[in-house]
Amino acid sequence: MKNNIAHDSAIKHAMGKAIFIDDMVEEKGTLHAYLGLSKIAHGEIINIDLSEVEKAKNIICILDASDIIGVNDISPMGLLDEPIFAQKKVEFYGQPIFAVIGKSRLAARKAAQLAKIKYKEHKAKININDALLAGGEEVTPPLTLERGNTEQSLQQSKYRLKGSIRIGGQEHFYLEGHIAYAIPKEENEMIIYSSTQHPSEVQQMVAKALNISTNEIVVINRRIGGGFGGKETQSNLFAVIAALAAKKTKRAVKIRPSREDDIISTGKRHDFLVNYDVGFAENGRINALKANFAARCGFSADLSGPVTDRTLFHADNCYYYPNVKLTSQPLKTNTVSNTAFRGFGGPQGMLAAERIIEEIAYKLNKDPLEIRKINFYGENERNITPYHQEITDNIIAKLVEELEISSNYKQRREEIIKFNKNNKLTRRGIALTPVKFGISFTATWYNQAGALVHIYRDGSIMLNHGGVEMGQGLHIKIAQIVAEQFSLDLDRIKISPTATDKIANSSATAASCGADLNGMAAKRAAKKIKKRLIEFAKKKFSCKKDDIKFINNEVIIGKQKLSFAQFINMAYLARVQLFDSGFYKTPNISWNRDKGEGNPFFYFAYGAAVSEVQIDLLTGESKIKRVDILHDVGNSLNENIDLGQIEGGFLQGLGWLTFEELYFDKKGRLITNSPATYKIPLASDIPEIFNVKMVDWSKNPAKTIKRSKAVGEPPFMLAISVLQAISMAIASIADYKICPRLNSPATAENIFMSIERLKSEI
Amino acid sequence: MEYKKSIKFILNEREVELSNFSPNLTLLDFMRLDRGMIGTKEGCNEGDCGACSVLIGKIKNGKIEYMSANSCICFVGTLNGTHIITIEYLQKINPPLHPIQKAIIDYHGSQCGFCTPGIIMSLYGLFLQNPKPSEENIKIALQGNLCRCTGYAPIIRAAISLSQNDALSDDRLKNHQSEIIKKLQIINSEKTIIIHNKEEESEEEEFIIPANLDDFAKIYLQKPHATILAGGTDIGVWVNVELKKLTPLIYIGHLNELKLLQKNSDNIIFGSIFSYTELNKYIKQYFPDLTDYWLQIGSAQIRNMGTIGGNIANGSPIADLAPVLIGLNASLILRKGNKRRKIRVEDFYLSHNKQDLSAGEFIENIIIPLLKKNEHISFYKISKRKYEDISTISAALKIEISKGKIINSIFAFGGMAAIPKRAKKAEKILLNQPICEDIFIKSAKQLEKDFTPISDVRASKQYRMRIAQNLIRKFYLELNNEK
């Protein structure tokens with residue numbers, strides 16, 4: 001069943017018939033809202049003059065903070081630190097101050113430019129350095145993970161190294177930008193179509209802003225055009241404004257920012273400055289690690305707490321630290337509030353871990369892979385994480401060994417070292433890096449899900465669950481699970497839009513858990529109905545449970561054969577309940593943040609990649625010659641969908657680590673605010689040779705749906721091998737004796753400057 | 001002057017006649033907002049993501065050529081006499097599903113699906129041009145289509161399967177063109193067309209489509225404040241991103257007189273509205289060293305739409321062709337009314353955003369001297385992302401050698417100054433010198449006297465200077481390998 005089942009909407013995608021929110025037939029009299037954004041990064045608003053905006057052609061009205069009936073806040077953590085509209089103070093360039101409602105989007109957009117706003121500017125903290133220099137104010141309490149005696153162990157280590165790495169942020173660049181469409185109904189009721197990963201949160205935010213109960217609001221989407229974390233909380237702003245405008249005008253209101261405004265006004269992946277101090281032995285084995293993770297969080301907390309927590313949770317990657325102290329520093333800056341992005345802080349922690357490995361390898365003049373292996377978590381010992389969870393499902397050593405052999409790593413590395421000796425202008429590098437990624441929301445209460453299964457009299461099934469389809473193939477995976485319960489063809493299952501009136505209190509579709517949580521809930525719903533059907537059949541046909549079989553769209557009862565539809569109608573007539581819900585919560589997880597201890601993760605997903613690159617010493621340009629990936633998805637629910645996540649995640653990671661660069665000018669304006677300046681990977685950026693395989697022997701020891709493993713985020717971090725391969729190519733200049741300390745992203749300029757630095761250090 | 005007041009084109013299977021529309025109306029907005037054709041998507045609205053890709057068919061030498069284009073920066077007024085094909089039409093061409101659609105489905109080439117219609121249209125454009133594209137051709141054709149989900153690998157696998165199976169051999173559009181050609185030939189009018197937008201009473205809004213070059217020269221002289229529109233790849237961005245209202249617009253992209261190509265013993269001469277794609281084969285023929293550089297200009301869609309003259313006339317300091325043409329010692333024929341003058345490209349750029357172009361004057365032809373046997377030239381473009389990116393710096397480096405010595409040199413750079421500019425001090429050092437590394441290193445050092453580059457979003461000034469210097473060194477090393 002798991003082979004060659006396409007995405008549920010593949011045909012509609014290819015025909016241009018998949019309806020995204022902006023494609024919906026509009027309600028009569030639909031109006032369009034557009035945001036007016038601040039033009040300074042930090043300061044006070046002295047005066048707002050919107051007279052020209054209001055007078056502009058085809059403008060209906062203005063919407064500002066005074067129109068907010070409820071609370072002027074969309075902080076997902078309820079911290080009251082993220083206003084819908086800035087009132088007195090402006091805290092980042094691009095912060096919404098007002099919205100204008102017009103008869104067309106173009107009219108509203110043009111009018112919004114006519115605002116005259118006077119500010120009193122304050123000094124703005126744009127980057128991590130600014131924030132640290134200004135005293136290091138934090139947006140949310142930091143976390144410490146600690147085990148053993150780090151200070152003493154550092155002092156006692158034979159070798160000790162201190163260093164730092166700068167890690168850049170990343171723009172999500174979902175192809176479908178943010179959009180919300182609010183349609184007012186009777187009295188307080190409202191339907192909101194929102195391109196969000198978290199309809200339930202949008203629902204709550206809208207209710208809060210309108211000061212009405214949550215049950216008045218229905219939030220719906222059928223699919224979103226990419227999310228990657230960028231629509232976990234960032235959709236709230238647009239949905240709330242559409243709802244406020246619909247409330248004010250009593251008409252349907254749509255809001256869709258331009259690509260530039262979308263990039264400027266919504267959060268991104270966190271940039272980091274990581275300082276590390278590591279003690280290790282002659283053989284490269286780490287004895288103690290102390291590291292601090294300072295993050296650019298932007299002006300508000302948003303999800304920066306859990307994001308920077310997850311950075312610490314992944315600062316071990318696959319490595320055992322006998323003595324460890326990790327601290328986070330979620331810094332406040334006058335930039336847009338950074339948010340969730342595939343990996344949710346994990347990639348930055350892992351990148352730092354791999355840098356530390358590299359440092360040790362170059363210090364001891366060894367292959368970094370050797371250092372990796374000697375530091376791998378053990379299977380039964382040396383298996384306690386910095387957060388005191390015992391790792392019981394470790395397969396990294398076997399996985400890496402298999403990849404090392406299949407990619408011919410050793411021989412290729414030797415050849416590359418030879419190549420580098422004989423080449424003045426180009427250099428090559430190769431690196432094998434592993435990934436271990438913890439699965440579950442660290443906010444334990446998010447690890448719950450619901451699903452709804454309706455069987456109609458003709459045997460067709462309506463399936464609904466709390467997860468959002470954003471391209472990851474969640475819906476088809478869940479449909480497969482339900483179809484399998486009744487042994488039906490997939491075309492008998494209709495996947496209905498995600499809607500808050502079907503499943504209450506759904507969690508964000510995030511943390512790679514969509515299929516784990518909703519799949520299990522859907523299975524439970526289907527099982528309840530199936531159980532009832534079997535009871536019914538037992539009585540009706542006076543047979544035993546074992547005589548009843550669901551096979552190939554039919555129900556076989558002893559010697560009788562009925563089509564599923566016939567059987568279902570029979571059950572209906574006998575008044576059997578043919579719909580039910582299922583609920584699932586992840587077992588055995590706990591987390592005590594104050595103590596920094598617990599079992600936050602249900603299980604771990606593993607993977608590894610070998611990348612080979614070539615760099616041009618005269619320009620710093622790089623190209624990727626070959627990548628081999630071996631990734632663990634457990635027992636795959638759908639191999640093609642999973643392959644898509646691995647390939648796509650890898651390339652997104654590659655972009656983050658190579659040429660995707662966020663550039664804020666001194667005034668805090670994000671200059672890379674469009675695809676003209678912010679470059680994501682193209683078809684021609686994929687490796688010349690790209691071998692991707694899934695581990696065929698792995699089964700999830702945790703009791704997940706069909707023993708599969710989550711696959712959304714973990715492959716993103718396989719791209720770290722590219723950065724390390726580039727680093728090795730640079731290191732060749734100093735005969736692999738100096739760690740190039742290459743920061744991310746490794747743009748041509750960054751590579752070139754590292755080359756120059758190494759040359760000067762020889 | 002007698003003129004027509006409407007345009008006609010074929011949109012999929014329907015003929016569309018339009019009068020009275022805004023000169024700044026784009027094809028994408030027309031389809032999505034006016035016609036409810038929602039299959040084509042808006043991803044960035046500035047010609048960079050390809051989600052809005054459609055095919056535009058134009059008659060050339062009695063045949064119809066379909067090229068991918070970004071409908072978001074394509075003004076409706078430019079469509080007179082063309083055939084537009086969108087994703088909605090594809091399954092009607094080869095029901096129930098076009099082979100490209102089927103391959104994308106079979107190879108799992110869509111995830112969120114937002115970029116998919118655009119990707120399919122780009123691939124269709126490729127296969128109509130080249131039924132058996134290589135993997136390289138496929139990647140190049142997709143450089144104007146961003147996908148954030150798949151990592152492109154399944155899309156490329158799908159396209160390779162189509163190529164191997166010659167899947168488009170029975171394509172109905174490819175094999176039944178005579179009817180469309182007939183229809184389009186009737187549309188192509190002999191008269192100038194002027195579209196007025198009557199909804200906007202407060203100001204005159206005009207889209208002018210001159211019947212011929214002489215008419216254009218005349219009209220432009222009367223309306224020197226008008227914006228000339230050919231490919232629209234920049235102008236579309238001014239309208240969509242900078243929210244400029246441009247009127248009147250004079251469209252010249254259909255003027256065959258601006259597409260003449262001549263060659264004599266010393267030069268090639270070509271009209272200013274050749275697109276990058278159209279000129280590619282000639283460029284390849286006469287300047288094979290430009291082939292790689294050419295592919296670093298924009299994307300397939302941009303190369304199909306954008307024109308050589310537009311790239312020069314806009315005067316950007318980072319225009320891809322400026323250093324190329326300066327390096328090749330090219331000249332422009334500028335025309336104003338019936339008066340013509342010749343100017344070297346090098347002298348055309350006066351200062352930031354200011355060109356030697358007077359009111360009512362336009363670029364008619366471009367003249368490039370053919371390379372002499374003893375001339376060696378290399379072209380370089382450094383950008384953050386190798387393809388479909390704006391250059392950090394670009395360069396055309398040329399020397400002429402006689403009896404083992406350098407007797408002439410042109411080092412033209414983009415991105416190093418407010419205008420595309422020669423490095424005259426660096427060039428001078430080389431004169432009458434033998435070809436050895438030392439002298440090129442000395443020359444590179446001189447760049448510090450020629451230029452004071454700036455730091456910006458693309459690179460720091462230090463990097464720009466060092467790389468420019470290294471390109472001179474690279475040029476020497478490549479020269480040496482050739483020998």
Side-chain angles (χ1 to χ4, degrees), chain A residues 6-7 9-20 22-23 109-110 113 173-176 223-226 228 258-260 425 470-473 618-619 621 640-641 643-644 647-648 650-652 659 661 663 671-672 674-677 679-680 682-686 690 747-749 752-753, chain B residues 36 38-46 48-49 51 86-88 90-91 97 101 104-105 108 110-117 120 138-140 142-143 145-156 241 243 382 384-390 457 459-460 463 466-467 470-471 473-474 477:
Chain A
H7 191 284
S9 297
I11 295 173
K12 287 182 237 173
H13 291 157
M15 292 175 83
K17 288 187 175 171
I19 301 291
F20 295 86
D22 202 33
D23 301 335
R109 190 178 168 203
K110 284 192 167 173
Q113 318 306 315
F173 214 94
Y174 25 67
L175 261 285
E176 177 208 34
R223 61 177 63 78
I224 67 175
F228 318 113
S258 68
R259 178 58 67 175
E260 288 74 17
L425 301 177
M470 50 189 137
Q472 83 280 42
L618 289 177
T619 61
E621 295 168 291
N640 286 301
I641 296 286
L643 178 65
E647 290 174 335
F650 175 82
L651 204 70
Q652 205 173 63
F659 46 78
E661 189 171 36
Y663 181 92
I671 306 299
T672 46
S674 82
T677 43
K679 304 315 240 184
I680 71 168
L682 300 178
S684 41
D685 294 312
I686 73 171
F690 195 18
T747 56
E749 173 163 1
F752 183 77
M753 294 306 180
Chain B
I38 48 79
T40 309
K41 310 296 180 196
E42 179 188 316
C44 72
N45 211 24
E46 54 186 274
D48 251 310
C49 82
T86 73
I87 190 72
E88 282 91 352
L90 230 58
Q91 66 263 22
L97 274 173
Q101 292 173 314
I104 289 292
I105 297 162
H108 309 276
S110 75
Q111 285 183 25
C112 86
F114 199 83
C115 72
T116 313
I120 289 174
I138 292 163
K139 286 180 178 175
I140 289 167
L142 290 175
Q143 277 162 357
N145 292 83
L146 300 179
C147 168
R148 193 57 151 165
C149 299
T150 65
Y152 307 98
I155 297 166
I156 293 166
V241 179
L243 297 177
I382 307 291
K384 208 173 261 182
R385 185 176 65 196
K386 183 160 185 199
Y387 294 100
E388 210 227 6
D389 197 357
I390 296 163
V457 58
S460 66
Y463 178 71
R466 293 296 315 276
I467 296 307
N470 278 354
L471 289 180
R473 201 172 149 217
K474 202 179 177 103
L477 292 164

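Chain naming here is simple, since letters A, B, ... match the order of the sequence lines and numbering starts at 1 in each.
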Proximity breakdown for [X] and chain B, heavy-atom pairs closer than 4.5 Å:
X	answer
A:Ala676	both
A:Ile641	neither
A:Ser684	both
A:Met470	backbone
A:Phe650	neither
A:Thr619	both
A:Glu749	both
A:Glu260	side chain
A:Leu651	side chain
A:Phe659	both

**Report entry** Enclosure of B:Ile140 CD1 (heavy-atom neighbours >12, cutoff 6.0 Å)
**Finding:**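 Yes, enclosed.
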
Between [X] (side chain) and [Y] (backbone), is there a donor-acceptor pair under 3.5 Å?
X	Y	result
B:Asn470	B:Ile467	no
A:Arg259	A:Leu175	yes
B:Thr116	A:Ala14	no
B:Ser460	B:Tyr463	yes
A:Lys679	A:Pro675	yes

Please identify, among [options], the residue contributing the most non-hydrogen atom pairs under 4.5 Å to chain A.
options	value
B:Ala153, B:Ala459, B:Cys112	B:Cys112
B:Gln101, B:Lys41, B:Lys139, B:His108	B:His108
B:Ile390, B:Asn145, B:Asp389, B:Ile104	B:Asp389
B:Glu388, B:Arg473, B:Gln91, B:Glu88	B:Gln91
B:Gly39, B:Ser110, B:Pro117	B:Ser110
B:Glu46, B:Lys474, B:Gln143, B:Lys386	B:Glu46

Tell me, for [X] versus chain A, whether the close heavy atoms (under 4.5 Å) come from the side chain, the backbone, both or neither.
X	answer
B:Leu146	both
B:Ile155	neither
B:Leu471	side chain
B:Ile120	side chain

Query - Distance in Å, B:Cys147 SG paired with A:Phe173 CZ, rounded so as to fall on 0.5 Å steps - result: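 Reported value, rounded in 0.5 Å steps: 11.5 Å.
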
Query raised in the report: Measuring from B:Tyr152:OH to B:Ile138:CD1, what's the distance to the nearest 0.5 Å?
Result: 15.0 Å

Report summary line: ring pair (Phe, Tyr, Trp, His ring centres under 6.0 Å) filter on B:Tyr387, not counting sequence neighbours, yields none

Please determine, among [options], the option with the most heavy-atom pairs under 4.5 Å with chain B.
options	result
A:Met15, A:Arg223, A:Gln652	A:Met15
A:Lys12, A:Arg109, A:His7	A:Arg109
A:Gly226, A:Ala10, A:Ala18	A:Ala10
A:Ile680, A:Asp685, A:Ile671	A:Ile680

Query raised in the report: Can you tell if the side chain of B:Val241 reaches within under 4.5 Å of the side chain of B:Asn45, non-hydrogen atoms only?
Result: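 No, their side chains stay 4.5 Å or more apart.
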
**Report entry** Pairwise side-chain contact, B:Arg385 with A:Leu682, heavy-atom cut-off 4.5 Å (strictly under)
**Finding:** yes

Query raised in the report: side chain to side chain contact (heavy atoms under 4.5 Å, CB included) with B:Gln111: which residues, sequence neighbours excluded?
Result: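 In terms of side chain to side chain contact (heavy atoms under 4.5 Å, CB included), with neighbours along the sequence ignored, B:Gln111 is linked to A:Gln645, B:Cys149, B:Thr150.
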
Report summary line: Taking every heavy atom of B:Cys49 against every heavy atom of B:Gly43, the minimum-distance pair comes out as SG-CA, 3.5 Å

